[in-house]
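The next block holds one structure in the form of structure tokens; read it before the comments.
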There are 2 protein chains.
Amino acid sequence: MMYTLLMAKAHTGVSLDLLFRALADPTRLRLLNLIADREICVCYFVEILKTSQPKISRHLAYLRKAGIVAARREGKWMHYRLAVPRDEVAAKILRETLGHLRGKPEMQRDIARLSSVCCAPQKFVLLQGAPQPALVPTS
Amino acid sequence: MMYTLLMAKAHTGVSLDLLFRALADPTRLRLLNLIADREICVCYFVEILKTSQPKISRHLAYLRKAGIVAARREGKWMHYRLAVPRDEVAAKILRETLGHLRGKPEMQRDIARLSSVCCAPQKFVLLQGAPQPALVPTS
DNA sequence: ACATCATATCCGTCTTGACATATATGTGGG
DNA sequence: CCCACATATATGTCAAGACGGATATGATGT
């Protein structure tokens with residue numbers, strides 16, 4: 001019942017204002033920054049953003065329905081990766097936005113946290129045995 | 001009471017998700033496309049978008065408070081023009097978005113309507129004696 | 001049974017449109 | 001000059017819906 005606006009048009013491809021809607025939230029921007037060039041599973045988001053799992057899951061659902069990310073299940077784990085929108089304009093704006101995010105200190109901090117978490121996953125209860133994120137060829 | 005989130009941060013410059021919020025609406029995108037490279041007064045928006053004047057005025061207020069457009073009064077008329085955000089990242093994304101809009105058929109139709117309306121303003125009751133839009137040096 | 005993740009529900013806030021009304025400026029008459 | 005009155009634009013109010021966070025519960029795989 002929620003997010004019906006986005007859901008309604010998700011299948012037709014992302015029109016510009018829908019893309020902007022998807023980008024108009026700090027949590028989603030942080031998620032996108034982490035997803036940008038690696039396939040990564042949900043437990044890392046929970047550990048890095050330090051927010052509740054349902055909250056993250058909802059924002060990921062939002063991005064999925066907006067056609068910006070795609071998910072793949074591997075056993076217990078769900079891997080998320082970027083899904084470049086078919087719409088050329090939307091795709092370009094998304095790429096540029098991700099590029100800009102990379103320069104933001106807050107975003108760099110998230111990436112740094114990801115690195116440290118990956119180097120010592122055994123230190124984080126949530127990440128026991130979690131699959132490592134895999135870099136993805138830059139689109 | 002309305003738009004408090006935007007109002008709260010408007011003076012500090014536009015953070016990325018606030019810019020996206022401002023862009024996440026079709027009406028505002030149409031307005032921005034018309035404003036992009038000319039200073040233009042409100043009555044043209046009403047005539048071109050064919051929507052209610054309060055609706056347009058509200059969206060313009062939204063864009064104003066988001067720091068994306070600026071207004072200037074000249075007698076009865078209010079002229080709106082683009083206001084490039086101080087934040088370099090936001091400014092770049094805005095410029096690129098406007099560039100992309102230019103390619104969209106719907107937006108080109110609006111520009112076409114603007115031209116025809118400007119050539120024969122006497123045909124439109126709303127535009128009797130309204131000042132002509134003035135092109136602005138491309139930023 | 002447990003771990004990982006997704007969805008439902010509740011609640012407060014924001015957004016949006018429609019409609020009514022207020023404000024600001026210009027104009028003409030006394 | 002002051003007063004109506006028209007014009008251009010802005011704002012208040014209301015209702016409907018969307019959003020975002022928190023919490024509880026469901027689904028899926030080991």
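From a predicted model like this one, the values you see are computed outputs, not experimental measurements. Just so it is clear: chains get the letters A, B, ... in the order the sequence lines come, proteins before strands, and each one is counted from 1. Atom set for the values below is all heavy atoms of this structure, side chains included, hydrogens, waters and symmetry mates excluded.
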How long is the line joining [atom1] of [X] and [atom2] of [N], in whole Å?
X: B:Arg64; N: D:dT9; atom1: CZ; atom2: C1'; result: 10 Å
X: A:His79; N: C:dT4; atom1: NE2; atom2: C1'; result: 11 Å
X: A:Lys65; N: D:dA18; atom1: NZ; atom2: P; result: 13 Å
X: A:Leu49; N: D:dG21; atom1: CG; atom2: P; result: 11 Å
X: A:Leu18; N: D:dA18; atom1: CG; atom2: P; result: 12 Å
X: A:Arg21; N: C:dC14; atom1: CZ; atom2: P; result: 16 Å
X: B:Glu74; N: C:dA24; atom1: CD; atom2: P; result: 19 Å
X: A:Ile56; N: D:dC19; atom1: CD1; atom2: P; result: 19 Å

| Using a cut-off of 4.0 Å on non-hydrogen atoms, how would the nucleic acid contact of B:Phe45 be classed: base, sugar-phosphate, or nothing? |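 B:Phe45: no heavy atom of the nucleic acid under 4.0 Å.
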
| query | Do you know the tightest heavy-atom contact between A:Asp25 and B:Asp17? | reply | N-CB, 3.8 Å

| query | Closest nucleotide of DNA chain D for A:Arg73 versus for A:Ala24: which of these residues is on the 5' side? | reply | A:Ala24

| When you match B:Ser57 and A:Ser52 each to their closest nucleotide on DNA chain D, which lands nearer the 5' end? | B:Ser57

Is there a donor and acceptor pair, one atom on the side chain of [X] and one on the base of [N], closer than 3.5 Å?
X: B:Arg58; N: D:dT13; answer: yes
X: B:Gln53; N: D:dA8; answer: no
X: A:Arg28; N: D:dG20; answer: no

Does [X] place a side-chain N or O at less than 4.0 Å from the phosphate oxygens OP1/OP2 of [N]?
X: A:Tyr44; N: C:dT4; result: no
X: A:His59; N: D:dC19; result: no
X: B:Lys55; N: C:dG17; result: yes

Measuring only between side-chain heavy atoms, which start at C-beta, is [X] closer than 4.5 Å to [Y]?
X: A:Val42; Y: A:Ser57; result: no
X: B:Tyr80; Y: B:Leu31; result: no
X: A:Leu101; Y: B:Leu16; result: yes

| request: Counting heavy atoms from C-beta on, name the nucleotide in D:dT9, C:dC5, D:dT23 closest to the side chain of B:Trp77. | output: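 Given the options D:dT9, C:dC5, D:dT23, the side chain of B:Trp77 is closest to D:dT9.
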
| field | Among D:dC19, C:dA20, C:dA6, the nucleotide that comes nearest once only the side chain of B:Pro54 is considered | value |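 That would be C:dA20.
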
| said: Cation-pi check for A:Tyr62 against A:Arg28: NZ or CZ below 6.0 Å from the six-membered ring centre and within 45 degrees of the axis, yes or no? | reply: yes

